[in-house]
Amino acid sequence: MMLIEHDAKILLAERGLPVPGGSLHRAGEALPDMADAVVKAQVPVGGRGKAGGVRLARDQIALDRAVTDILGMTIKGHDVRAVRIEALVDFVHEAYLSFTLDAGAGAVIVMMSPHGGVEVEDEGTRADLASETVALDPDAMRSAVGRLVARMPENLRAPLAEAGAALIPAFFEHEALLLEINPLFIRADGSWAIGDTKLAIDENALVRRPRLVTLIEAQADLYREAALKLAQGFDYVELDPKGDIGLITTGAGLSMQLIDELVARGRSPFNFCDIRTGQFRGDPARLIQVMQWIAAGPNIRSVLINFFAGHAHLGEIARLLLLALDAVPELKAPITARFIGNGLDEARTIIAEAGDPIAIETDLEHAIDLAIARAETEHA
Ligand code: GDP
Ligand code: MN
């Protein structure tokens with residue numbers, strides 16, 4: 001997963017790397033009294049500058065306006081929920097430096113260019129992008145940086161060498177998949193600063209990285225999927241904002257299979273969800289959360305539940321589902337559930353006594369057929 005720029009910069013600043021001072025702001029929060037600032041959308045994608053999500057503000061009025069405008073934007077599918085307001089850097093060069101892990105090969109690609117910024121991919125400057133692939137090892141990476149620096153213009157060599165040496169330990173400390181500095185600002189006096197950074201980390205390494213977990217949990221609204229997995233032990237991904245079938249399912253493999261079958265039948269599932277029924281512990285909170293997210297989908301016409309109760313009991317699950325439905329009246333689409341496992345008869349009785357708000361099936365194909373049929377007819 002890619003960290004938002006603000007968090008990546010916090011981590012790099014903690015290592016003593018030269019990050020321009022900045023702070024994070026959400027809608028409605030007081031703004032710093034500041035001239036000469038840059039306002040940057042905090043979404044985990046590149047190309048924000050070209051999308052209008054990076055603006056320079058020379059005075060307070062321009063700052064207020066830039067914050068308001070950028071907080072209203074959606075960039076590459078991500079709603080901008082926060083901006084970083086940062087002190088403007090006075091630079092003479094924008095360079096480029098990155099370290100990319102090639103996990104399969106146990107190698108790192110080191111890339112350097114005297115031309116950074118938003119034009120790094122352009123034809124004219126791409127020829128200047130130098131790279132080397134070396135072993136995943138600090139010494140090998142330092143040597144590669146040395147050789148690449150020698151190919152750069154004379155006046156950029158010292159700051160790029162310094163930056164390379166300082167960034168390699170950070171790459172290892174965070175078990176990075178990617179650490180990119182673009183632009184890497186170089187000032188007239190030869191000092192350097194981190195203009196923008198992409199720090200991608202391995203989600204599977206989070207168990208060993210409590211500092212990263214703290215950052216993610218502190219900004220749960222900016223890292224919805226990762227925060228959810230950490231907090232509640234389940235996976236949820238929105239697949240298609242226009243999808244018409246919401247899924248509440250258990251087991252990652254079973255969920256993927258269900259999605260494949262729906263897609264094969266020409267449907268577009270709204271979400272992927274692996275909600276672990278074994279961890280409900282008598283609390284409908286997770287079900288409520290997922291139902292709220294599904295209810296927020298603009299085109300939801302049918303909800304398909306697929307629960308395999310192994311250690312759990314379907315009677316208990318049926319009771320929790322009814323509690324959750326009561327708590328989320330905005331979820332109006334018809335609900336079809338495929339139940340399999342212990343307590344099926346009790347679940348049927350409980351749902352029937354509640355007036356059958358959920359259609360129960362035990363065969364997966366039948367459940368899919370019914371959910372699709374209901375998407376096409378009942379909720380038009
Ligand atoms: P990206 O488009 O998402 O990669 O966003 P960046 O953070 O890389 O910003 C895009 C461009 O905005 C940079 O290449 C700079 O030209 C400009 N920019 C960003 N920060 C500053 C700054 O502090 N001073 C100046 N003068 N320009 C900046
Ligand atoms: Mn950038």
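Note that ligands are numbered from 1 as they come in the structure, with each ligand's atoms numbered from 1 the same way. For this chain, numbers begin at 1 and follow the sequence in order.
- Defined by atom type and a distance below 3.5 Å, a donor-acceptor pair is missing between the side-chain atoms of Tyr236 and Asp274.
- Each of Leu258, Leu262, Leu304 was evaluated against Pro269; a single residue qualifies, Leu262, per the side-chain contact (heavy atoms from CB on, under 4.5 Å) test.
- Shortest contact from atom 16 (O) of ligand 1 to any protein heavy atom: Glu94 OE2, 3.1 Å.
- Comparing Val38, Asp36, Val118 against atom 10 (C) of ligand 1, the shortest heavy-atom distance belongs to Val118.
- At least one N or O atom of Gly49 sits closer than 3.5 Å to an N or O atom of ligand 1.
- Side-chain atoms of Glu180 and Tyr96 form a donor-acceptor pair, as typed in the model, at a separation below 3.5 Å.
- Distances between N or O atoms of Lys50 and those of ligand 1 include no value under 3.5 Å.
- Of the protein's non-hydrogen atoms, Phe91 CE2, 3.2 Å is the one closest to atom 26 (N) of ligand 1.
- Looking only at atom types and distance, the side chain of Asn342 has no donor-acceptor partner in the side chain of His313 under 3.5 Å away.
- In terms of protein heavy-atom proximity, atom 7 (O) of ligand 1 is nearest to Lys40 NZ, 2.5 Å.
- Screening residues 17-40 for salt bridge (Lys or Arg N to Asp or Glu O under 4.0 Å) gives Glu5-Lys40, Arg26-Asp221, Asp36-Arg58 as the qualifying pairs, with residues at least two apart or on separate chains.
- Side chain of Asn271 to backbone of Leu247: a donor-acceptor contact under 3.5 angstrom is found.
- Within the structure, no pair that satisfies the ring-ring contact (aromatic ring centres under 6.0 Å, His included) test touches residues 144-181, not counting sequence neighbours.
- Remark: minimum distance from atom 3 (O) of ligand 1 to any protein heavy atom is reached at Arg48 NE, 2.8 Å.
- Considering each of Val45, Val89, Ile75, Ile194, the one bringing a non-hydrogen atom nearest atom 24 (N) of ligand 1 is Val89.
- Looking at atom 21 (C) of ligand 1, its nearest protein heavy atom turns out to be Phe185 CZ, 3.5 Å.
- Counting only distance, with no hydrogens or angles, the side chain of Asn299 and the backbone of Lys242 share a donor-acceptor pair below 3.5 Å.
- Among all non-hydrogen protein atoms, the one lying nearest atom 12 (O) of ligand 1 is Val54 CG1, 3.7 Å.
- For Gln60 (side chain) and Pro32 (main-chain N/O), a donor-acceptor pair under 3.5 Å exists by modelled atom type.
- Other residues, nucleotides and ligands contribute only 12 or fewer heavy atoms inside 6.0 Å of the CG atom of Asp90.
- Here Asn182 has backbone heavy atoms under 4.0 Å from ligand 1, and that is the only part of it that gets that close.
- Considering backbone and side-chain atoms alike, Asp196 places an N or O below 3.5 Å from some N or O of ligand 1.
- Listed by number with element, the atoms of ligand 1 under 4.0 angstrom from any heavy atom of Pro183 are 8 (O), 13 (C), 14 (O).
- Near the Mn ion (ligand 2), less than 2.8 Å away, sit the protein N, O or S atoms Asn182 O, Asp196 OD2.
- Under the 3.5 Å distance criterion, with hydrogens and angles disregarded, a donor-acceptor pair is assigned to the side chains of Asp79 and Thr74.
- Evaluation of the salt bridge (Lys or Arg N to Asp or Glu O under 4.0 Å) test over residues 164-174, restricted to residues two or more places apart or in two chains, returns Arg15-Glu173.
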